[in-house]
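Have a look at the structure below before the remarks.
All values reported here derive from a predicted model rather than from experimental measurement.
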Number of protein chains: 4
Amino acid sequence: MAGAAERVREAALDLFADRGFHGVGIRQLAERAGLSSASLYHYMGTKEDLLAAIMRACLERLLADAEAAAAAHADPVARVEALVRAHVVSHAERPRETRVVDGELAALTGETRAEVVALRDRYERVWQDAIDAGAAAGAFAVGSPAVARRALLEMCSGVARWYDPAGPIPLTELADLYAAMARQLLGVRA
Amino acid sequence: MAGAAERVREAALDLFADRGFHGVGIRQLAERAGLSSASLYHYMGTKEDLLAAIMRACLERLLADAEAAAAAHADPVARVEALVRAHVVSHAERPRETRVVDGELAALTGETRAEVVALRDRYERVWQDAIDAGAAAGAFAVGSPAVARRALLEMCSGVARWYDPAGPIPLTELADLYAAMARQLLGVRA
Amino acid sequence: MAGAAERVREAALDLFADRGFHGVGIRQLAERAGLSSASLYHYMGTKEDLLAAIMRACLERLLADAEAAAAAHADPVARVEALVRAHVVSHAERPRETRVVDGELAALTGETRAEVVALRDRYERVWQDAIDAGAAAGAFAVGSPAVARRALLEMCSGVARWYDPAGPIPLTELADLYAAMARQLLGVRA
Amino acid sequence: MAGAAERVREAALDLFADRGFHGVGIRQLAERAGLSSASLYHYMGTKEDLLAAIMRACLERLLADAEAAAAAHADPVARVEALVRAHVVSHAERPRETRVVDGELAALTGETRAEVVALRDRYERVWQDAIDAGAAAGAFAVGSPAVARRALLEMCSGVARWYDPAGPIPLTELADLYAAMARQLLGVRA
DNA sequence: AATGAATGAGAGTTCATTCAT
DNA sequence: TATGAATGAACTCTCATTCAT
């Protein structure tokens with residue numbers, strides 16, 4: 001018997017990712033989780049708290065992975081490649097979480113939103129620092145490191161919207177493809 | 001004095017882009033447009049019709065621009081570059097429309113949704129054909145043309161989420177930056 | 001070109017008879033009459049006024065016919081038979097009006113309603129007087145003249161709900177059938 | 001303390017019978033039932049479902065009574081008389097239900113309406129069969145059995161619109177009166 | 001832990017009606 | 001005569017949430 005708390009989380013992931021936070025009602029959530037709508041409130045605070053918990057967990061994992069990847073590679077080229085691989089793998093393996101993170105930030109309000117935005121900013125900073133370092137070292141040929149960071153991140157995040165783990169592209173190949181595209185995009189010197 | 005119909009459209013663009021279709025109420029829409037909620041219905045069918053009209057108009061323009069760009073360039077490299085430039089400029093100049101197109105497809109239902117999806121698919125086909133042609137001609141160094149198309153499109157669409165026309169990067173420079181990144185990403189042979 | 005006022009009246013008859021006063025919107029009325037909803041108000045007061053006018057006209061005609069029938073026959077048996085025939089013919093020829101009269105009284109309010117109720121009461125009084133006269137004269141075998149009046153009236157009004165002038169029963173035959181049933185119901189002495 | 005579900009049903013009966021389905025708002029229903037309009041929806045599906053439930057229940061009871069009456073009497077005269085008595089008693093005892101059944105059929109839509117119409121048709125068939133049998137056996141003197149059935153049914157249904165159980169006519173006497181009128185109307189041979 | 005009952009607020013939409021043109 | 005524009009009020013129904021059991 002899967003724990004009810006886990007079922008609530010799963011239901012929220014499925015539904016928020018597919019229909020968006022505001023497109024999902026508490027009763028749909030409850031039905032999907034196999035609970036009454038009143039029982040839902042034993043496993044969450046408000047609906048917004050549930051969203052925030054999902055976003056925080058996902059961003060914290062993303063951030064931890066990115067910081068680990070950054071720490072593991074002193075060389076900017078290797079570092080960026082490691083960031084790309086981690087990001088792509090995360091988005092391929094947990095597309096629901098990442099779609100929610102990327103798309104439902106506007107549904108958060110007040111303090112909670114500020115916290116999640118801060119996490120996202122920290123995550124982007126890790127990327128920016130790596131790219132800036134490579135650019136400063138002359139390892140990349142990019143017109144604007146800031147624009148390149150945005151382009152790279154968007155490009156990699158898109159994976160969550162189309163990649164099918166049961167499809168023809170294995171996850172390792174996907175990571176290789178994105179790593180290669182990222183290197184080219186950045187104009188990595190041979 | 002702007003026409004009321006135009007004010008309704010503007011209000012919808014502002015609000016749908018910022019809070020998402022389901023995050024916007026009919027009364028907010030009306031207030032923003034300077035009308036009563038009842039009067040809104042002189043200028044639209046249902047709320048969903050309003051969304052569909054916005055999406056269709058944007059996609060049709062995007063498609064027309066892309067087909068024009070494709071028709072203007074026989075060379076795959078030039079063609080892809082033209083597509084990138086048109087896409088980036090559109091997303092920079094009309095970020096609200098494009099964010100709605102990219103983010104609210106799930107809010108559409110039934111026949112309308114099918115129509116909009118068909119438009120989007122036609123648009124993506126134009127890109128795919130151009131990329132496939134370049135790959136077939138050996139002009140690009142890409143591991144997978146299909147993945148490259150997705151990466152490119154996501155990368156360029158992201159512009160609508162951050163570019164500020166009043167910021168430090170002029171639009172022409174933005175287009176140049178993305179064109180360059182696209183060429184590198186695709187591994188265009190020198 | 002049929003007069004617009006007439007078209008409004010026809011539309012109201014069709015729709016009120018089919019869907020009931022509260023089941024019909026002003027826009028449906030307008031569409032059926034080939035006018036805009038605003039233009040409707042050149043030909044009527046309020047929606048309720050329109051209903052009242054229909055009911056009054058129908059009841060006044062019914063009443064005039066009944067009074068004429070009563071005046072034409074001193075003999076109670078002949079008088080009741082004449083009332084039955086007039087009522088049945090009216091309901092067969094103008095089923096929409098009579099269905100509205102029979103079914104939408106509750107939609108009227110205030111003074112108007114009182115007036116229409118008064119008309120209806122006058123109409124029923126003509127019937128009651130005739131039946132009472134026959135009963136007093138020993139011409140009828142009825143347990144209760146008051147109950148008999150109600151039974152007779154309901155029986156005859158039903159015609160408006162099913163009779164089809166294009167069907168197998170000619171109007172004259174219909175009137176004969178009801179006259180015969182009425183005589184039998186009242187136990188007219190041979 | 002009456003159950004809330006029962007109070008909703010009672011409120012609907014009172015209001016639908018008096019003002020018609022379309023003449024009653026959900027808030028009036030709620031107020032009459034002593035609930036908020038939102039709470040109403042714990043006890044019903046849609047407003048139309050509520051109407052349909054009332055109509056079905058009433059028609060099913062009517063049908064069961066009629067079939068029992070028909071089964072209990074082989075003789076057509078006795079059978080019709082039993083049908084009349086059952087119908088009159090039902091309409092006298094439950095005038096709200098029967099008025100709703102007789103007057104609000106047009107408010108139903110789609111599948112539900114078809115089901116209720118089918119029930120009504122079955123009910124009328126029981127009457128028609130009995131009358132036809134009597135006519136075939138020469139027990140009745142009627143010009144048209146089909147017209148007679150309509151006349152009889154309308155005559156008896158009218159009871160729901162005027163009979164007052166607290167008035168001067170006891171229910172048993174009412175049934176006797178209608179049975180006698182029905183026999184006479186049908187021209188039952190002595 | 002679980003839920004039936006309850007609700008104020010709000011959803012999208014239509015209502016009957018008015019009025020300037 | 002005719003109507004597009006406009007609206008406050010009402011419509012049916014669902015929202016997220018609470019609470020007694």
Note to self: So for R27(B) and dG10(E), does any side-chain atom that can act as donor or acceptor lie under 3.5 Å from a complementary atom in the base?
What the structure shows: no
Separation of dT18(E) atom P from D49(C) atom CG, nearest Å, is 10 Å
In terms of heavy-atom contacts, V24(B) and K47(B) come closest through O-NZ, 2.8 Å
Pairing partner of dG8(E), by Watson-Crick or G-U wobble and under 3.5 Å for both distances, is dC15(F)
Whole-Å distance, K47(C) NZ to dT18(E) P, equals 14 Å
5'-most contact on DNA chain F (nearest-nucleotide basis), Q28(A) vs L40(B), goes to L40(B)
Counting any heavy atom closer than 4.0 Å, what does S37(D) reach on the DNA or RNA strands: base, sugar-phosphate only, or nothing? base
Atom CD1 of I26(C) and atom P of dC11(F) are separated, to the nearest Å, by 16 Å
From CG of L15(C) across to C1' of dC15(E) the rounded distance in Å is 16 Å
Nearest-nucleotide check on DNA chain F, V24(D) vs Y43(C); residue mapping nearer the 5' end is Y43(C)
Given the options Q28(A), R96(A), R19(A), D14(A) meets side chain to side chain donor-acceptor pair (under 3.5 Å) only with R96(A)
5'-most contact on DNA chain E (nearest-nucleotide basis), G34(D) vs E48(C), goes to G34(D)
Between Y41(B) and A4(D), whichever has its closest DNA chain E nucleotide further toward 5' is A4(D)
Between NE2 of H42(D) and P of dA5(E) the distance, given in whole Å, is 7 Å
Look at the side-chain N and O atoms of S36(B) and state whether any lies under 4.0 Å from the OP1 or OP2 oxygen of dG8(F). no
Taken to the nearest whole Å, NE2/H22(A) to P/dG10(E) is 15 Å
To the nearest angstrom, the CG-P distance between L51(D) and dT12(F) comes to 13 Å
Answer for the Watson-Crick or wobble partner of dT14(E), both distances under 3.5 Å, is dA9(F)
### Task
Quick one: do R9(A) and E97(A) satisfy salt bridge (Lys or Arg N to Asp or Glu O under 4.0 Å)? Show the steps, please.
CA-CA 10 Å; R9(A) 205 191 128 82; E97(A) 283 89 334; 3.8 Å; yes
Checklist entry - OP1 or OP2 of dA1(E) less than 4.0 angstrom from a side-chain nitrogen or oxygen of S39(A), does that happen here? => result no
- request: May I ask you to say whether E10(C) pairs ionically with R32(C), meaning some side-chain N is under 4.0 Å from a carboxylate O?
  value: no
When rounded to whole Å, the CD to P distance for the pair E31(C) and dA16(E) reads 14 Å
Pair F21(C)-E48(C), side-chain contact (heavy atoms from CB on, under 4.5 Å): steps then yes or no
CA-CA 9 Å; F21(C) 179 75; E48(C) 186 177 344; 4.3 Å; yes
